[in-house]
Amino acid sequence: MRLRTLLIWLAVVPTVAMGTQVTVSAQRLLEQSAQLRADVEAAERVGAPLYTLMVDMQAERTATASLWAGTAGSEGELRVRRAATDSAAAEFRVLADDPSRSFTEVTRQLEKLAAYRQRADTRSGAADSTLAYYSEVIGKVIQVYQQEFSHAEDAELAQASRPVVSMLQATEMVAREDTVLALAGPSGELSFVGYDQFVSSLGAQRYLHEALIVPHLTARDERFYERVVGSEDWQEKTRIENAVLSGHKDTVSGIKLPGEVSGWSSAHANFSVQMTTLNIDLARSVLARGEAKAAELQAEVAWLIAGSGGGLLAVVVVVVFTTRSVLRRLHDLHERTVTVAEQTLPDVVARLQRGQTVDPEALPAVSGDRDEVGRISDAFARAVAVSVDGHRRLAAERHGFGLFASGIASRTGNLVSRQLSLTEDLQDTFGHDEALLAQLMRSDQLTVGMRRQIENLLILAGGEVPDPHTEPMRVADLLREAAAEVEDFRRIERQALDETSVEPSAISQISHLLAELLDNATRFSPPKSKVVIRAELVADGLSVEIEDRGPRVTPERYEEMNGRLHQAPPYSVLAQNAHRLGLFVVGHLADQLGATVTLRRSVYGGTCAVVVLPAELLLPSEGETPREPARREPAHREPALVGAVSAPAAAPAAEAAPAPAPAEEHEPEHVPEPEPEPVAHTSAGLPSRRTKTPRHAPATALAARSAPAAAPARPALPERVPQTHIADELRAPHAPESQVPQDTATPEEVADAWADYEQGTQTVEEELRRDQP
């Protein structure tokens, strides 16, 4: 998972969690506010009719008790109370239309009112059971108040609504006292059950006032309550209650009430109005608090949403800023890293490989930052420093190895030069022996190959092959010089399709490059097949194609070989391909010349090497007089080799000479072909170039060679000019030839050394065979 995604998730998860929490809290508060408003609305709509119904039911109960006791004028009072109750019940039924609330219980109890009125009118049953019905209906009304307006979800409102319910219950207890005293009637006697109801109601009423009403009143309501209980009517009520408790008399049929009860009715009528006002004020206070609480909850929701939104916005801003800052720093670190990896470090490595100094400021430095990104940057800087130090050591080792290889090449070149000089002396001394001359020329050819391998070592060590030429050379001569460097030069067919010349400073390098390609073509193609080299001008310069008829090569193999031609390999690759260094040498020379070398499949099934030399290396040949090029040793010996070992090659010279005697005339077409040189084969089936049986020259060639005075038209052997084209590293002065000490090795030691040489040669040939596709 990307770092950007992780940072986004780091912002999204807390934001979603906070948003969810805010949503849930806001929804709960809104639901509570809606519930409060619904309760307030229900209380305002149904509370007043419900309270009126309770008061009228209390008055009708007292009137029913008076009727049952036979009090004078009670019938008319009862009719008035029943009419008021019916009116309040009808209004309540109209408003209490919500089936989800607890109003239905009161409505169901009101349906029994007519039956109990009839029982009261006929005085059927006991008075206590009829009066108990009214008490039950009033209890349901108080229960509705307790359920609907207690606000249990809010502690503050529950605390404020508690005095209201307690006040209703205390009012009911006082009303029950009034009913019990009314049931005593004119006789002033109560049954034992009636007296117990009076005492119970009185105790409950006083407990409610002292424990549940007065402690929970507000300061304003408490002042109003004190005015009520301090009035004369309330004091009269209290004296009558105390008189009933202390001044009653027990009789056989019941309890005789004291005479003070006669003032109960007038006192009750006055203080009940005051208590009703107090109850209404308490209820309105609770409703006002509920409305204010609902508004407060809505405001809290608004502040919660606003504060949470601001907090979420701040979180988003901080996360976005942090994310952008971190990603920007990481992007800058990535850009610096890519720049160092793709530009700075390769340039530093190239400079180190060229032996140049490196500016430390070009490399990333350790800044010492303590944050994570800074530590990563410092770690990369340390890694780059270690890498550069490693490349610096490798460059120093490579430079030292180059100097070592140059020294080896210089010493070996001296030996090769001495060997070439010795070969030249032997050719001059024993030139009359054609067979020996042929072997000497072959030895000379192999020595020239050795010199080319020494130059390869010099090139791979970082040096250059100096060019001894001072004048341009025609392309045809250049092709001939390159072909003469190859051991099997007789198989090479040269075709110079255009007349042009090459810059003197590039002749040796081009000749060496073409010689390596020609040598590769002759070694990896059938022994009797031709290798064609042709040169012609193209739009980009001079194109030289070398085409052989070797085995097929896969496209992947061509891609690998072309890769070696287009880039300088490290020493590790050179060591792994020590038996195939020719392509690396060609690549180095092509890079120095600005040429391109490409290997591809030939139309004959073999390989075609295409060398494109830039036009800057070419000179026009118009008006030039043919001149002998500055010769390398193998080039100036080609005519001698042809004259010595090949009769068909000597035919043109014979044609130019004066006609010999008829007995010695030989037509070219009748000249027998020279016998092929015997070729030994290794155990791997590859031809071995170490031929021990010398090639015998034809009789005609021997006759022509044995009588040089009789054939003045035969070209003389060219003279060697020592050290005219070898590298500077090989131009060290010859060490004076000392007397070669006599070899004291035993025949067994010589045989063992020769066996080791044969075994090493066969191993290399086996590796070459495995490398061939």
Chemist: What's the separation between atom CG in Leu208 and atom CD in Glu172, rounded to the nearest 0.5 Å?
Modeler: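 Nearest 0.5 Å value for the CG-CD distance: 11.0 Å.
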
Chemist: For atom CZ of Arg392, decide whether the heavy atoms of other residues, nucleotides or ligands shown that lie under 6.0 angstrom number more than 12.
Modeler: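 Count over threshold, so yes.
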
Chemist: Which atom names give the shortest non-hydrogen contact between Glu189 and Ser253, and what distance separates them?
Modeler: OE1-OG, 3.1 Å

Chemist: At their closest point, which heavy atom of Ala120 faces which heavy atom of Thr130, and how far apart are they?
Modeler: CB-CG2, 4.1 Å

Chemist: What I want to check is whether the side chains of Arg119 and Ser129 have a donor and an acceptor closer together than 3.5 Å.
Modeler: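 Result is yes, a qualifying pair exists.
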
Chemist: Give me the atom names and distance for the closest heavy-atom approach of Pro258 to Gly247.
Modeler: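 Reported closest heavy-atom pair: CB-O, 3.8 Å.
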
Chemist: Below 30° counts as parallel, above 60° as perpendicular, anything between as tilted: where do the rings of Phe271 and His268 land?
Modeler: perpendicular

Chemist: A quick test of your reading: do over 12 heavy atoms of other residues, nucleotides or ligands sit less than 6.0 Å from OH of Tyr207?
Modeler: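 12 or below, so no.
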
Chemist: Can a side-chain donor-acceptor contact be found between Glu77 and Ser66 if the only test is distance below 3.5 angstrom?
Modeler: no

Chemist: Would one find more than 12 heavy atoms of other residues, nucleotides or ligands at under 6.0 Å from atom CZ of Arg284?
Modeler: no

Chemist: Could you pull out the closest heavy-atom pair between Leu183 and Leu190, with the gap in Å?
Modeler: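 So the two residues come closest at C-CD2, 4.5 Å.
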
Chemist: Can you tell me how far CZ of Arg324 sits from OG1 of Thr322, rounded to the nearest 0.5 angstrom?
Modeler: 11.5 Å

Chemist: Once you round to the nearest 0.5 Å, how far does CD of Gln169 lie from CD1 of Ile142?
Modeler: 6.0 Å

Chemist: Could you walk me through whether Glu241 and Arg206 satisfy the salt bridge (Lys or Arg N to Asp or Glu O under 4.0 Å) test, starting with their C-alpha distance in whole Å, then the side-chain angles of each, then the deciding distance to 0.1 Å, before giving a yes or no?
Modeler: CA-CA 11 Å; Glu241 290 172 345; Arg206 288 184 176 180; 3.4 Å; yes

Chemist: Kindly check if the number of other-residue, nucleotide or ligand heavy atoms within 6.0 Å of CD (Gln21) is above 12?
Modeler: no

Chemist: Quick one: do Arg329 and Asp332 make a salt bridge, cutoff under 4.0 Å?
Modeler: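 Salt bridge between Arg329 and Asp332, a charged N being under 4.0 Å from a carboxylate O: no.
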
Chemist: Any chance CD of Glu232 has more than 12 other-residue heavy atoms, nucleotides or ligands included, within less than 6.0 Å?
Modeler: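 Count not over threshold, so no.
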
Chemist: From Ile213 CD1 over to Glu222 CD, what is the distance, rounded to the nearest 0.5 angstrom?
Modeler: 12.5 Å

Chemist: Please name the pair of heavy atoms, one in Leu131 and one in Arg61, separated by the smallest distance, quoted to 0.1 Å.
Modeler: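 Looks like CD2-O, 3.6 Å.
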
Chemist: Looking at Thr277 and Phe224, what are the two nearest heavy atoms and their distance?
Modeler: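 Taking Thr277 first and Phe224 second, the nearest heavy atoms are CG2-CZ, 3.8 Å.
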
Chemist: Considering only residues two or more places apart or on different chains, which pairs with a residue in residues 50-82 satisfy ring-ring contact (aromatic ring centres under 6.0 Å, His included)?
Modeler: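 Of all non-adjacent pairs touching residues 50-82, none passes ring-ring contact (aromatic ring centres under 6.0 Å, His included).
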
Chemist: Okay, side chain of Thr52, backbone of Ala48: is any donor-acceptor separation there less than 3.5 Å?
Modeler: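 Judged by distance alone, yes, a pair lies under 3.5 Å.
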
Chemist: Nearest 0.5 Å please: distance from the CZ atom of Arg82 over to the CG atom of Asp56.
Modeler: 13.5 Å

Chemist: Does Gln118 have more than 12 heavy atoms from other residues, nucleotides or ligands lying within 6.0 Å of its CD?
Modeler: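 Not buried by this count: 12 neighbours or fewer within 6.0 Å.
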
Chemist: Mind checking the CG-CE spacing from Leu217 to Met167? Nearest 0.5 Å is all I need.
Modeler: 6.0 Å

Chemist: Look at Arg239 together with Glu236 and state whether they make a salt bridge at an N to O cut-off of under 4.0 Å.
Modeler: yes

